[in-house]
Amino acid sequence: MNDGVEEEEEEEEKKSKPIVKKAKIVAKKPSFNTPKITNTSNANANILNNINNSNDEGASMKYFKVMWHVTNIKKKKHIMEDGILTIKNNKVCTLKNMQNGQDIVKPNSTLGSKILESLKIGETINLGGKTIEIESIISNESFESGQIFIDSSPVPTKPLLTKPKVAVKPALGTYSKPFAPTVQKPKPLYNIDDNSLVLYSPSSPTDALGQHLVPISVDPALTSLLQPHQKAGVIFMFNCITSNMEEVELPPAKNNQPAHTVGAKSKGCILADEMGLGKTLQVITLIWTLLKQSAYGKEHPMARRVIIVTPSGLAKNWKDEIDKWLKNQLTPIVIGSNGSITIPSENQAASLKPTKKMKQAAKKAKKKGDTEAKENEAKSAIKLFGASKRYKVLIITYEQFRIHKDLIKSVIAPIGGKTLLVCDEGHKLKTINTQTFQSLHKSCSTILRRILISGT
């Protein structure tokens, strides 16, 4: 009986005591296993904290290495920086600093899921005022371990004092690969067809030094004007002034004077034909071709200057013929009889006007008839011919050439090899002892290409 009473008392005591349930403590699983990194700096710990904050348990994450810059439509050039783009559940994007993992653009969900799902390498997106270009995909392991970040490498326990690195441009000759400039192949000035008058056609695409060659042809506008005999004359003159010529000894002068010789490099010819058969047009065609072309392209013409020496009454005729056939594409300077100067008008050469000194000299010559003023004006015109790229042709009389032979020699000396000398009425030079012949021979010693025109 006593046992039964005791059991009842124990049950009553249990009922009277409050029931206390033990709470179950469940630890949250980390989103990833944090690697144990020894000897890391405080910056590395911050990177891991930034990574932990960006990851959510159970979220689908994608990571991309990107290049980004601040979006600015006005600027054409932008400073690009490295970064990491994280995408959570194809909805929320975050742009992180490549150095320390800090947020540059905080979590942003403005982009649609369709864009984020199909995001590929090379595509560009705009996010939070930043233009972002996708470079490559980053694996989850590389991102979560912090290895992808620049500041995540282990550092020694004792910091080393190092000087900051300064970017220095490499000196010349220190590049691993030699600099090879791009060489553009020259192109012919005019297209070659069945109607073209071809003066030179290269037998091989390059010369002995490997430089590219192109054919030389006459301007189609002039070709349509030339008669068959005139085309033959142009080809004849071109071949004479461009072919190799052995040294030729002229017959000795009278009174046992020493003989004159033409150098081995000198090239030229005599164009003799009856009046009215278009000798002037043939020479103008040749002049225009040499000033505009060469076998090495239009950038390297065969002639840079042309001097046309004529009798007093033909200087203006030459200018008129050039204006007629070339339609004012060539603007010659004319020094006529008595030192009269003709420079292209403003309609023909609006960009170049006579200098102040030339105008003053012209006024003095008109008012006083001063010979010295005319000579100064002629000298200014010759200097303009030598210095200007616009005025490539000088038409001068034999008389004025004799007066200014020394100045002409000094002007053409630097470019004598690329100067063409044309002497009209060449029969005037048949006597070697004349002043005209001597002045031409001495002043034009550097001119290698020469043409004489004469009637039969």
Side-chain angles (χ1 to χ4, degrees), residues 189-190 195-197 199 216-238 241 269-293 298 301-337 340-354 381 384-385 388-398 400-401 419-426 449-456:
L189 185 59
Y190 307 111
N195 298 323
S196 300
L197 178 58
L199 302 179
I216 300 174
S217 61
V218 175
D219 188 334
L222 293 174
T223 304
S224 61
L225 301 173
L226 296 173
Q227 299 297 323
H229 73 280
Q230 292 174 323
K231 293 180 181 180
V234 174
I235 295 173
F236 164 74
M237 289 187 290
F238 183 85
I241 65 172
C269 66
I270 298 176
L271 180 65
D273 209 342
E274 295 181 3
M275 292 182 60
L277 295 180
K279 296 189 295 294
T280 304
L281 176 58
Q282 296 176 49
V283 175
I284 291 174
T285 301
L286 180 69
I287 290 173
W288 183 242
T289 303
L290 298 181
L291 287 174
K292 299 293 288 184
Q293 302 179 65
K298 61 182 180 180
M302 297 181 68
R304 292 172 58 186
R305 295 291 186 274
V306 178
I307 300 177
I308 303 174
V309 190
T310 72
S312 300
L314 299 179
K316 186 176 181 301
N317 293 346
W318 269 94
K319 181 186 178 302
D320 294 341
E321 289 289 315
I322 291 175
D323 293 343
K324 175 183 177 181
W325 300 118
L326 296 181
K327 309 298 182 184
N328 297 327
Q329 295 182 79
L330 199 60
T331 52
I333 293 176
V334 182
I335 302 178
S337 58
S340 59
I341 310 297
T342 303
I343 295 178
S345 63
E346 295 183 0
N347 293 332
Q348 294 173 315
S351 59
L352 290 173
K353 298 179 181 180
L384 181 64
F385 162 72
S388 173
K389 293 182 179 180
R390 173 74 175 178
Y391 303 108
K392 298 180 180 180
V393 177
L394 172 66
I395 303 173
I396 186 171
T397 63
Y398 284 106
Q400 291 297 317
F401 190 96
T419 303
L420 175 66
L421 175 64
V422 178
C423 297
D424 196 5
E425 301 294 334
R449 295 187 173 100
R450 308 167 184 178
I451 295 176
L452 268 65
I453 308 174
S454 179
T456 55

- For A315, enumerate each residue passing the side chain to side chain contact (heavy atoms under 4.5 Å, CB included) test, keeping only those at least two apart in sequence or located in another chain.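 A315: side chain to side chain contact (heavy atoms under 4.5 Å, CB included) contacts with T310, V334, I395, T397.
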Closest heavy-atom contact between [X] and [Y]?
| X | Y | result |
| --- | --- | --- |
| V309 | F401 | CG2-CD1, 4.0 Å |
| A221 | S224 | O-OG, 2.9 Å |
| T285 | V218 | CG2-CG1, 3.4 Å |
| I216 | F238 | CD1-CZ, 4.0 Å |
| A381 | I335 | CB-CD1, 4.3 Å |

- Quick one: do N317 and T280 satisfy side chain to side chain contact (heavy atoms under 4.5 Å, CB included)? Show the steps, please. CA-CA 10 Å; N317 293 346; T280 304; over 6 Å; no
Heavy-atom distance under 4.5 Å between the side chains of [X] and [Y], does that happen here?
| X | Y | answer |
| --- | --- | --- |
| L222 | L197 | no |
| K392 | R304 | no |
| R390 | T331 | yes |
| I287 | V283 | yes |
| Q329 | W288 | yes |
| S196 | Y190 | no |

- Task: Determine, step by step, whether I284 and W318 satisfy the side chain to side chain contact (heavy atoms under 4.5 Å, CB included) criterion, reporting the C-alpha distance in whole Å, the side-chain angles of both residues, the deciding distance to 0.1 Å, and the verdict.
- Result: CA-CA 9 Å; I284 291 174; W318 269 94; 4.1 Å; yes
- Assess whether side chain to side chain contact (heavy atoms under 4.5 Å, CB included) is satisfied between E425 and I453, documenting all intermediate values. CA-CA 6 Å; E425 301 294 334; I453 308 174; over 6 Å; no
- Task: Apply side chain to side chain contact (heavy atoms under 4.5 Å, CB included) to the pair L421 and I451, showing each step before the final yes or no.
- Result: CA-CA 6 Å; L421 175 64; I451 295 176; over 6 Å; no
Any donor-acceptor pair under 3.5 Å linking the side chain of [X] with the backbone of [Y]?
| X | Y | result |
| --- | --- | --- |
| R305 | F385 | yes |
| H229 | G278 | no |
| K279 | E274 | yes |
| Q230 | Q227 | yes |

From [atom1] ([X]) to [atom2] ([Y]), nearest 0.5 Å:
| X | Y | atom1 | atom2 | result |
| --- | --- | --- | --- | --- |
| I235 | L226 | CD1 | CG | 9.5 Å |
| I333 | K319 | CD1 | NZ | 11.5 Å |
| L420 | R449 | CG | CZ | 8.0 Å |
| I270 | C423 | CD1 | SG | 10.5 Å |
| S217 | N195 | OG | CG | 11.5 Å |
| L330 | K292 | CG | NZ | 9.0 Å |

- Message: With a 6.0 Å cut-off (strictly less than), is the heavy-atom count around NZ of K231, excluding the residue itself, greater than 12?
- Response: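 Yes, because the 6.0 Å sphere around NZ of K231 holds more than 12 heavy atoms from other groups.
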- Task: Mark yes when over 12 heavy atoms from residues, nucleotides or ligands other than L225 sit less than 6.0 Å from its CG; otherwise mark no.
- Result: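 Enclosed: over 12 neighbouring heavy atoms sit under 6.0 Å from CG of L225.
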- Message: Going by side chain to side chain contact (heavy atoms under 4.5 Å, CB included), P332 matches just one of V393, V306, L394. Which one?
- Response: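 Exactly one candidate clears the test, V393.
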- What residues form a salt bridge (Lys or Arg N to Asp or Glu O under 4.0 Å) with K324, not counting sequence neighbours?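 Per chain and number, K324 pairs via salt bridge (Lys or Arg N to Asp or Glu O under 4.0 Å) with no residue.
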